[in-house]
Amino acid sequence: MENEIENADPEFYTVGDLFTADKEIVDSLKLEYSSATPFEENLVRDTFNIVRDEMLNKYGDYIPDDARERLLSNKDNINGTNHVLILSEEDYQSFNDEWLPKLQQLNKQEQLPPLQPGGMWLRMGQVIVVCDMTEVAKRNWESSKKYFENYGQIDEEAMINFIKNSTVTALLTHETIHSCQGSIEHMDRGRDMYIRVALDECGVHYLCDEILKTKFPRMVSAPQQFDKERIEKFQDILKKYGDDAYGVLFQNVPKGVAEKEHYESLKKKIYSEFTEEDIVRLGIADRLTSKFFENAS
Ligand SMILES: [Zn+2]
């Protein structure tokens, strides 16, 4: 298997292909890496439920059937989080090293940047993996506490928890929106793969911003790099092509011939909105058919 990867043309692999984990593996992972505290379990469940309901209520018409069923199948689940793994920074790293060997192989070939603590949506296995961000929150507090010197006594532990919870909420919201996207059979190849990642990130950043503003107004997470550019890009696409652009974002390919034709032609138009310059400006890759940036996902 590994030789096959080493010898393969990296372009052959799509982003979806890289994140390979089947359901049985994921179930065993949940047992093995069950480091979440009851508080984290609650945070994940509550956040996931809010984002899921918002996605179904507002954008349900544009979400593909398989993704909608996936979201709904979690609805009656007592935890609501069958599809979410929350891992410590250390476990997040070993998850990457041990369970995503293809991704690791490509990292070594410098096709993808090294893993940063954050979140990911595994299309195969249909799992959202989020780092618990405890260590990141501590580091962020250390580097920013000088700005709070004049505010008198500050409860550092409460501040660190606030940063951690805000960051996990933002990550989980982002990845839950990704999980509304269609299945791997519709993945693009080659040049279009870069454009697809750019469209994914612009659309997901836009929707994440909308949901965080309305549903989690008291959370203050550090602005993500390229956030503004990506949100604006998707706003422009919505202005130009209307709400059908959500269907293309979620890869909701219709079955009817005429509808499918409309979808394909809209997709072509939307893809043509992304120039090579945009791909670089939006922090996706250093150039088309070259390597992905750290912030791509
Ligand atoms: Zn993303």
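Order of listing sets the numbers, starting from 1, for every ligand and every atom in it.
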Exercise. Does K145 make a cation-pi contact with Y151 (under 6.0 Å, within 45 degrees of the axis)?
Worked result: no
Exercise. Any sub-3.5 Å donor-acceptor pair from R230's side-chain atoms to Y206's backbone N or O?
Worked result: no
Problem set entry | the Zn ion (ligand 1): angle it makes with NE2 (H174) and OE1 (E201), nearest 10 degrees | 100°
For this session: Please state whether the separation between the Zn ion (ligand 1) and some N/O/S atom of D200 is under 2.8 Å?
Result: no
For this session: Assess H178: does it contribute an N, O or S atom lying under 2.8 Å from the Zn ion (ligand 1)?
Result: yes
For this session: Using atom types as modelled and distance alone, determine if a side-chain donor or acceptor of N140 lies under 3.5 Å from a backbone N or O of A137.
Result: no
For this session: Look at K228 together with E232 and state whether they make a salt bridge at an N to O cut-off of under 4.0 Å.
Result: yes
